[in-house]
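To start, the structure under review is shown below, and the notes come after it.
The chain is numbered in sequence order, starting from 1.
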Amino acid sequence: MAYSKRIPPIKIFLNVEEFNKLVDVLNTMSTCNEEKLEKKSIKLKDKLLRYSVPITNENEEQMVDIRFYNNEITDLFYILFFGIENMIDVETNYFEVLLKVREKIKEEKIENE
């Protein structure tokens, strides 16, 4: 059987500061009390430090090229949302805004038919 090289489909470029923040959040979450979250954080942090590629773009800025699989992005979102849960006080119910926008789109679609 031939070797198949599978490259993660999601490509993200971060500057050095953004990369450091992301790894720091993962490092912080790797010591949380929830075992599942802790394991995913450790795994993603290790992946970022092992497989991320430092590059210099055309403007001579240092960047980091990171590749993710779909399930890793899902895990990352879960970790980030869990990590900021107590940091942000949401004042607007954006779900209600979403419902209103969707209703408006639906009405416009009916009017245009």
Side-chain angles (χ1 to χ4, degrees):
M1 180 175 191
Y3 175 72
S4 173
K5 183 177 179 183
R6 204 174 117 195
I7 298 174
I10 300 169
K11 183 177 191 177
I12 298 175
F13 289 103
L14 298 177
N15 65 35
V16 174
E17 183 180 337
E18 294 165 339
F19 178 76
N20 288 337
K21 285 179 184 178
L22 178 59
V23 175
D24 194 49
V25 168
L26 292 171
N27 187 53
T28 302
M29 296 306 292
S30 69
T31 60
C32 75
N33 294 330
E34 190 175 324
E35 186 178 349
K36 181 179 176 184
L37 198 60
E38 188 177 315
K39 286 181 180 181
K40 288 178 186 254
S41 297
I42 291 169
K43 184 177 178 183
L44 280 171
K45 178 185 145 195
D46 291 345
K47 176 192 171 135
L48 288 177
L49 293 174
R50 181 178 178 123
Y51 296 108
S52 297
V53 179
I55 60 170
T56 303
N57 68 9
E58 62 275 354
N59 297 329
E60 299 298 318
E61 299 170 328
Q62 290 185 317
M63 304 288 288
V64 181
D65 179 358
I66 305 170
R67 305 290 177 109
F68 291 103
Y69 291 106
N70 294 339
N71 63 325
E72 292 170 329
I73 286 293
T74 303
D75 291 344
L76 184 59
F77 267 71
Y78 179 72
I79 291 165
L80 293 175
F81 282 126
F82 188 86
I84 63 172
E85 186 174 286
N86 296 322
M87 294 179 180
I88 297 175
D89 185 26
V90 178
E91 296 177 13
T92 304
N93 185 343
Y94 291 104
F95 183 75
E96 290 296 325
V97 174
L98 171 65
L99 292 176
K100 289 177 185 176
V101 169
R102 297 294 298 173
E103 186 62 34
K104 184 178 178 182
I105 291 170
K106 188 177 179 180
E107 289 172 3
E108 289 173 356
K109 186 177 180 181
I110 292 171
E111 289 176 6
N112 291 332
E113 289 180 347

Mark yes when over 12 heavy atoms from residues, nucleotides or ligands other than Glu18 sit less than 6.0 Å from its CD; otherwise mark no. yes

For Asn20, side chain to side chain contact (heavy atoms under 4.5 Å, CB included) partners two or more places apart: Val16

Determine whether more than 12 heavy atoms belonging to other residues, nucleotides or ligands lie under 6.0 Å from atom CD of Glu17. no

Determine whether Phe68 and Ile55 fall in the same hydrophobic cluster, where Ile, Leu, Val, Met, Phe, Trp and Tyr are linked whenever their side-chain heavy atoms lie under 4.5 Å apart. no

Thr56 OG1 to Met63 CE distance, which is reported to the nearest 0.5 Å: 10.0 Å

May I ask you to say whether Lys39 pairs ionically with Glu35, meaning some side-chain N is under 4.0 Å from a carboxylate O? yes

Answer yes or no: does atom CG of Asn33 have more than 12 heavy-atom neighbours from other residues, nucleotides or ligands under 6.0 Å? no

Would you mind reporting whether Glu103 and Glu107 have side-chain heavy atoms less than 4.5 Å apart? yes

Between CD on residue Glu111 and CD on residue Glu108, distance to nearest 0.5 Å: 7.0 Å

Going by atom type alone, with no hydrogens or angles, which donor-acceptor pairs under 3.5 Å involve a side-chain atom of residues 71-80 and a protein atom two or more places apart or on another chain?
unit_1 : atom_1 : unit_2 : atom_2 : d
Glu72  : OE1    : Lys47  : NZ     : 2.7
Glu72  : OE1    : Tyr69  : N      : 2.8
Glu72  : OE2    : Lys47  : NZ     : 3.1
Thr74  : OG1    : Asn70  : O      : 3.1
Asp75  : OD1    : Lys40  : NZ     : 2.8
Tyr78  : OH     : Glu34  : OE2    : 3.1

Find the distance between OG (Ser52) and CD1 (Ile66) and round it off to the nearest 0.5 Å. 4.0 Å

Same hydrophobic cluster for Phe81 and Leu26, using side-chain heavy-atom links shorter than 4.5 Å among ILVMFWY? yes

Would you say Phe13 ends up clustered with Leu48 if hydrophobic residues are merged whenever their side chains have heavy atoms under 4.5 Å apart, either directly or through other cluster members? no

If you take all heavy atoms of Ser30 and Glu38, which pair is closest and at what distance? O-CG, 2.9 Å

Rounded to the nearest 0.5 Å, what separation is found between the CG atom of Leu44 and the CG atom of Asn27? 12.5 Å

Any side-chain heavy atom of Phe19 within less than 4.5 Å of one from Ile12? no

Main-chain N/O of Glu61 paired to Asn59 side chain as donor or acceptor, under 3.5 Å: no

Contacts of type salt bridge (Lys or Arg N to Asp or Glu O under 4.0 Å), residue Lys45, not counting sequence neighbours: none

